[in-house]
Amino acid sequence: MTDKQSVQDVEERQLVPAYGYDLLRQDVLPELLGEDEAVILYWAGKSLARKKMKDVESVGIENFFNDANWGKVKQVKEKGEEKVYELTATHQNKDRPFSLEAGFLAQITENEKALISEASYSIKKKKPLTVSITVRWDRKDPAREIEL
């Protein structure tokens, strides 16, 4: 990678101000998506993960979440056919869905395991807002590769 490419990568990753992000996530999306918001965001998260797989592979899930202003995420457990992540999102509203992040992690896992994966989430703590995201897969259910 050249120095010019490095500078360009940094410039492309300029952070959206938190206020602008919050307006979109907390006010605009619920208005546009209505009662289907959680489901649409889940599938949007899966689609986004497919599109950004190379970025995730290059910077890691933790850095991707941080760069996306989704909060701090870490894998806390992997056992059998499930992974559990903990997401600390201090700027998020506990009443908003975390299905975008859940769908994203489900698709990342699906790509890693080559098995159909699904995720669910629950609020663990309100201050700081901490969400547990559980991703599960079935060893008998192989994933098909999706062309984009």
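All residue numbers refer to positions in the sequence shown, counting from 1. Worth knowing before you read on, the calculation uses all heavy atoms, side chains too, and leaves out hydrogens, waters and symmetry mates.
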Do you know the tightest heavy-atom contact between [X] and [Y]?
X: Trp137; Y: Ser117; value: CB-OG, 3.5 Å
X: Tyr42; Y: Ala119; value: OH-N, 3.1 Å
X: Pro97; Y: Leu41; value: CG-CD1, 4.1 Å
X: Ser99; Y: Tyr121; value: N-CE2, 3.7 Å

Let me confirm one number: the [atom1]-[atom2] distance from [X] to [Y], rounded to the nearest 0.5 Å.
X: Ile40; Y: Leu32; atom1: CD1; atom2: CG; result: 9.5 Å
X: Arg25; Y: Asn93; atom1: CZ; atom2: CG; result: 10.5 Å
X: Ile123; Y: Leu129; atom1: CD1; atom2: CG; result: 5.0 Å
X: Thr88; Y: Lys125; atom1: OG1; atom2: NZ; result: 7.0 Å
X: Phe65; Y: Lys72; atom1: CZ; atom2: NZ; result: 14.0 Å
X: Phe98; Y: Ser120; atom1: CZ; atom2: OG; result: 14.0 Å

side-chain contact (heavy atoms from CB on, under 4.5 Å) between Val135 and Tyr85, worked out:
CA-CA 8 Å; Val135 181; Tyr85 293 89; 4.0 Å; yes
Cluster check Ile61, Met53: I/L/V/M/F/W/Y, side chain < 4.5 angstrom
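Per the 4.5 Å side-chain linkage, Ile61 and Met53 are co-clustered.
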Is the Trp70-Phe104 ring centre distance short of 6.0 angstrom?
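Between Phe104 and Trp70, which both carry aromatic rings, the centre distance is below 6.0 Å.
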Is atom NZ of Lys113 surrounded by more than 12 heavy atoms (other residues, nucleotides or ligands) closer than 6.0 Å?
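Yes, enclosed.
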Using a 6.0 Å cut-off, check whether atom CD of Glu118 has over 12 heavy atoms from anything other than its own residue.
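Count not over threshold, so no.
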Between the side chains of [Y] and [X], is the shortest nitrogen-to-carboxylate-oxygen separation below 4.0 Å, so that they form an ion pair?
X: Glu112; Y: Lys83; value: yes
X: Glu110; Y: Lys46; value: yes
X: Glu81; Y: Arg136; value: no

May I have the step-by-step check of side chain to side chain donor-acceptor pair (under 3.5 Å) for Glu62 and Asn66, ending in yes or no?
CA-CA 6 Å; Glu62 296 84 1; Asn66 189 50; over 6 Å; no
Can you tell me if Thr109 uses its side chain to pair, donor with acceptor, with the backbone of Gln107 under 3.5 Å?
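No, the answer is negative, given that no donor and acceptor are paired below the 3.5 Å cut-off.
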So do [Y] and [X] actually touch side chain to side chain, heavy atoms under 4.5 Å?
X: Arg50; Y: Leu48; answer: no
X: Val84; Y: Ser132; answer: yes
X: Pro128; Y: Thr130; answer: yes

Would Glu37 and Arg96 count as a salt bridge (charged side-chain N to carboxylate O under 4.0 Å, His left out) here? Give the steps.
CA-CA 9 Å; Glu37 178 186 14; Arg96 305 294 328 127; 2.2 Å; yes
